[in-house]
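Presented below is the structure to which this report refers.
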Amino acid sequence: MRRKRTTRKVIVTSGRCRVAVLASGRGSNFRALAERCQDTTFPAEVACLITDDRSADAVAIADAFGVPWFAVDAGEKRGRLKAGAETEIVAQCESARADLVVLAGFMRILEDAAGGLLDRFRGRVMNIHPSLLPSFKGLYAQRQALEYGVKVAGCTVHFVDASVDGGPIVLQSAVPVHDDDAVESLRARILAEEHRILVRAVELYARGRLRTEGRRVLGTDE
Ligand code: GRF
């Protein structure tokens, strides 16, 4: 009897995973990722930075790392983007041939509209948030945690969906809250962990390790 021929599907990868980073301010998470990506054996590279504030420190970091950056005219206020700004962001991500979009301190809310970022990059947008979600969503998460009186705080990398800070969790890291903590000391302790888990989440994504089943993102065990 003749054996049935089996074809092995070969996945052709054309290099490293290209990451577009969106940041509004200081850019320390962006810097952590850009630094790690300098190692050419790391499976991801930063394709571009997109900001809603051309005077943001993140822009100087992009220049220092030779990362192309674009400032979108997002309107006066924080929160919702001005009409047309999200279309511009999508166009920049597409022209940068981004595989993954990382929100690293991007202080704007994305619409879940057809043709918007979440639609065009479905399942490929990650955010870093400075709390152990689902606790303390939204702004001033470290202050919320301190005022609530929790003994353990931390940070979360999650995929972004239409909810605010509510998408499937990729990685979390916990830090202790000390008696003498103020918002600043707690923020600094959490931030160091943010840098670590953001880089790790991008690495896992780039290596094709992550798979999502409902709300659970699997493939993250060390
Ligand atoms: C971080 O705390 C991040 O979790 C939150 O915004 C802050 C951005 O910090 N979404 P940086 O600009 O990366 O230093």
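Worth knowing before you read on, the calculation uses all heavy atoms, side chains too, and leaves out hydrogens, waters and symmetry mates. Note that this is a predicted model, so its numbers are computed, not measured. Note that ligands are numbered from 1 as they come in the structure, with each ligand's atoms numbered from 1 the same way.
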Give the residue, atom name and distance (to 0.1 Å) of the protein heavy atom nearest [atom].
atom                    : answer
atom 9 (O) of ligand 1  : R26 NH2, 3.1 Å
atom 11 (P) of ligand 1 : S28 N, 3.4 Å
atom 6 (O) of ligand 1  : G105 CA, 3.5 Å

What atoms of ligand 1 come closer than 4.0 angstrom to any heavy atom of [X]?
X    : result
E194 : 1 (C), 2 (O), 3 (C), 4 (O)
I128 : 3 (C), 4 (O), 5 (C), 10 (N)
P130 : 2 (O), 4 (O), 5 (C)

Exercise: do D52 and S24 side chains pair donor with acceptor under 3.5 Å: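 Yes, S24 and D52 have a side-chain donor paired with an acceptor closer than 3.5 Å.
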Residue pair E203, R207: steps toward the salt bridge (Lys or Arg N to Asp or Glu O under 4.0 Å) verdict: CA-CA 6 Å; E203 181 179 9; R207 292 197 190 286; 3.1 Å; yes
Sub-4.0 Å heavy-atom contact, G27 with ligand 1: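 Per 4.0 Å heavy-atom rule, G27 contacts ligand 1.
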Check against salt bridge (Lys or Arg N to Asp or Glu O under 4.0 Å), R31 and D57: CA-CA 10 Å; R31 180 198 294 275; D57 291 345; over 6 Å; no
Derivation and outcome, salt bridge (Lys or Arg N to Asp or Glu O under 4.0 Å), residues E184 and R187: CA-CA 5 Å; E184 260 323 304; R187 180 178 290 139; 2.3 Å; yes
Spacing of E86 atom CD and R120 atom CZ [to the nearest 0.5 Å]: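 Output value for this atom pair is 11.0 Å.
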N-O pairing of R124 and D99 below 4.0 Å: no
